[in-house]
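Reckoned from all heavy atoms, side chains included, excluding hydrogens, waters and symmetry mates.
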Amino acid sequence: MVTIADVARHAGVAPSTVSYVLTGKRSISADTKTRVRDSIRELGYQPHASDRALSTGRTNVIGLVLPLRAGTHLPAVMRFVTAAVTTARRYDMDLLLMTADDGAAGLRRAANSAQVDGFLVMDVEMDDDRVPLLRQLSKPSVLIGHPAAARGLTCVDLDFEAAGAKCVDHLADLGHRSIGFLGAPSAVYRRSTGFAHRTMNGFSAAAMRRGVAATALAVEGDHDSVLRATKALIRAHPSMTALVVHNEAALGWITSCLRAAGRQVPGDVAVVAICPDELAEQTSPLLTSVRLPAEELGRHAVDLLVAKLEGKQPPPLMLLPPRLSRRASTPDHAVHRGATG
């Protein structure tokens with residue numbers, strides 16, 4: 001691949017002169033400009049990332065910081081990645097996927113390497129150790145998610161607290177008085193990941209507000225774990241008639257595990273999921289769901305980062321309101337069970 005250095009050698013000038021001809025940052029004689037442009041045409045030079053960094057200070061590369069930690073469900077996060085990649089290409093930008101769990105140190109290394117123009121940061125914790133550094137870096141960043149203290153940051157997220165509450169309100173409006181909650185894997189809660197923490201808080205607060213009996217459990221995404229958690233919820237609340245699920249990996253097992261525990265969906269237990277629409281529509285029966293707008297969040301994150309790269313000041317926090325789509329898993333009337341079921 002032809003580089004700025006190759007063009008410089010061919011034209012008999014310094015690489016910085018080629019850069020100045022390309023960017024117009026300095027006055028260059030007409031003869032030198034002609035020589036450089038002739039060399040560019042003859043060699044078929046096309047700028048690539050390292051040359052763009054040399055000539056403009058920009059690489060047109062975004063660093064997507066996605067640490068692969070315990071409890072990460074890859075099919076779920078890849079929806080965000082795909083949306084970010086597609087949107088970045090509209091801006092003629094590429095994504096560098098950074099999956100090492102290196103915290104602030106990894107971010108600092110990437111910022112100092114001049115490989116990227118800015119960062120998209122995922123898997124944001126409530127008290128995230130990357131936040132102080134993100135506030136200090138000269139390179140802009142956008143978080144998909146938001147920490148407890150979002151001052152000085154740019155964040156985009158679903159309003160997960162409102163999402164948890166919306167599930168409870170929908171079920172309470174249908175007459176359910178005892179609702180279970182199956183959440184993310186325990187490792188996700190141990191590190192206080194924002195989306196999981198806020199959803200459970202929203203669920204619990206809404207249950208208290210509506211006078212609903214509620215029990216929430218973390219659950220891994222495999223069949224045996226879902227079955228154990230389902231049976232544990234029923235033992236704790238034999239009168240449970242509804243279940244909220246915020247765990248995409250567990251969704252495929254919910255109906256069969258409830259059946260194994262002696263409960264049918266929706267006859268005995270109504271189910272609401274927080275997930276992408278396509279997942280809710282792959283189960284039998286189809287699940288009522290609060291949509292997880294991964295594509296919108298990935299697109300907004302790139303748009304916000306590009307705006308910052310262009311010197312604009314986007315809003316510090318963009319929260320997308322939750323949207324509930326009702327399907328067969330929440331029929332019109334709750335089944336009321338006695339104390340012993």
Side-chain angles (χ1 to χ4, degrees), residues 73 76-77 79-84 86-87 120-126 142-151 153-174 176 179 181-184 188 192-210 212 214 216 242-248 251 270-281 286-308 312-327 329-330:
H73 183 51
V77 298
R79 292 185 177 89
F80 294 90
V81 174
T82 301
T86 302
T87 307
L120 300 180
V121 181
M122 294 185 63
D123 201 32
V124 179
E125 299 171 6
M126 297 295 289
V142 172
L143 285 70
I144 302 178
H146 63 291
R151 178 186 54 81
L153 303 171
T154 302
C155 308
V156 59
D157 207 359
L158 174 67
D159 190 339
F160 279 101
E161 194 162 343
K166 198 171 192 70
C167 295
V168 172
D169 285 333
H170 173 66
L171 292 166
D173 288 346
L174 293 175
H176 295 277
I179 304 173
F181 180 94
L182 292 181
V188 175
S192 293
T193 304
F195 74 86
H197 181 89
R198 288 190 171 89
T199 304
M200 190 177 283
N201 279 356
F203 170 86
S204 301
M208 186 175 297
R209 170 171 51 81
R210 296 297 299 262
V212 169
L243 178 63
V244 176
V245 184
H246 186 207
N247 185 323
E248 289 186 25
L251 270 184
V271 177
V272 178
I274 301 174
C275 67
D277 283 342
E278 58 265 30
L279 285 186
E281 293 170 350
L286 304 184
L287 296 180
T288 294
S289 67
V290 170
R291 177 173 173 258
L292 179 60
E295 292 77 12
E296 290 176 45
L297 290 170
R299 183 175 71 252
H300 283 309
V302 174
D303 289 341
L304 290 168
L305 184 58
V306 170
K308 295 183 78 171
K312 301 173 185 174
Q313 292 297 322
L317 177 60
M318 178 187 291
L319 285 181
L320 304 186
R323 177 174 64 81
L324 185 141
S325 296
R326 188 174 178 185
R327 301 185 180 90
S329 67
T330 57

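- Residue pairs satisfying the side-chain hydrogen bond (donor to acceptor under 3.5 Å, both in side chains) criterion with at least one member in residues 287-298, sequence neighbours excluded, are listed as follows: Thr288-Thr330, Ser289-Arg327, Arg291-Glu296.
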Given side chain to side chain contact (heavy atoms under 4.5 Å, CB included), test Met318 with Val142 step by step and report yes or no. CA-CA 11 Å; Met318 178 187 291; Val142 172; over 6 Å; no
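- The aromatic rings of Phe160 and Phe195 are tilted relative to each other, their planes meeting at an angle between 30° and 60°.
- Take Asp169 and apply the salt bridge (Lys or Arg N to Asp or Glu O under 4.0 Å) test, not counting sequence neighbours, and it matches Arg209, Arg210.
- Phe181 pairs by the ring pair (Phe, Tyr, Trp, His ring centres under 6.0 Å) definition with Phe203, not counting sequence neighbours.
- Rounding to the nearest 0.5 Å gives a distance of 10.0 Å between OG of Ser329 and CG of Leu243.
- Ile144 contributes atom CD1, which lies 10.0 Å from atom CG of Leu304 (distance to the nearest 0.5 angstrom).
- Rounded to the nearest 0.5 Å, atoms CG (Leu279) and CG (Leu292) are 9.0 Å apart.
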Quick one, His176 with Val272, criterion side chain to side chain contact (heavy atoms under 4.5 Å, CB included). Give me CA distance, side-chain angles, the key distance, then yes/no. CA-CA 12 Å; His176 295 277; Val272 178; over 6 Å; no
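- Closest approach of Arg299 to Ala83, counting heavy atoms only: N-CB, 4.2 Å.
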May I have the step-by-step check of side chain to side chain contact (heavy atoms under 4.5 Å, CB included) for Thr193 and Val188, ending in yes or no? CA-CA 6 Å; Thr193 304; Val188 175; 3.6 Å; yes
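- Contact of the Leu182 side chain with the Asn247 side chain is not registered, since no non-hydrogen atoms from C-beta on lie closer than 4.5 Å.
- Listed by chain and number, the residues in a side-chain hydrogen bond (donor to acceptor under 3.5 Å, both in side chains) with His197 are Asn201 (sequence neighbours excluded).
- For the pair Leu251 and Ala273, the tightest heavy-atom approach, listed with the atom from each and the gap, is CD2-CB, 3.7 Å.
- Between Ser325 and Arg323, the shortest heavy-atom distance links the atoms OG-NH1, 3.1 Å.
- Looking only at distances, no side-chain donor or acceptor of Ser192 sits under 3.5 Å from a matching main-chain atom of Met126.
- Considering only residues two or more places apart in sequence or on other chains, Arg79 meets the salt bridge (Lys or Arg N to Asp or Glu O under 4.0 Å) condition with Glu248, Glu278.
- Residue pairs meeting the side-chain hydrogen bond (donor to acceptor under 3.5 Å, both in side chains) criterion with at least one partner in residues 157-167, sequence neighbours excluded, are His146-Asp157.
- Nearest heavy atom pair, residue Pro315 against residue Thr154, reads O-CG2, 3.7 Å.
- What you find for Leu324 and Val290 is that their closest heavy atoms are CD1-CG2, 3.9 Å.
- Taking every heavy atom of both residues into account, Pro147 and Leu153 meet most closely at CG-CD1, 3.8 Å.
- If you take CG on Leu297 and CG on Leu320, they are separated by 5.0 Å, rounding to the nearest 0.5 Å.
- Counting only heavy atoms from C-beta outward, the side chains of Pro322 and Cys167 never approach each other to under 4.5 Å.
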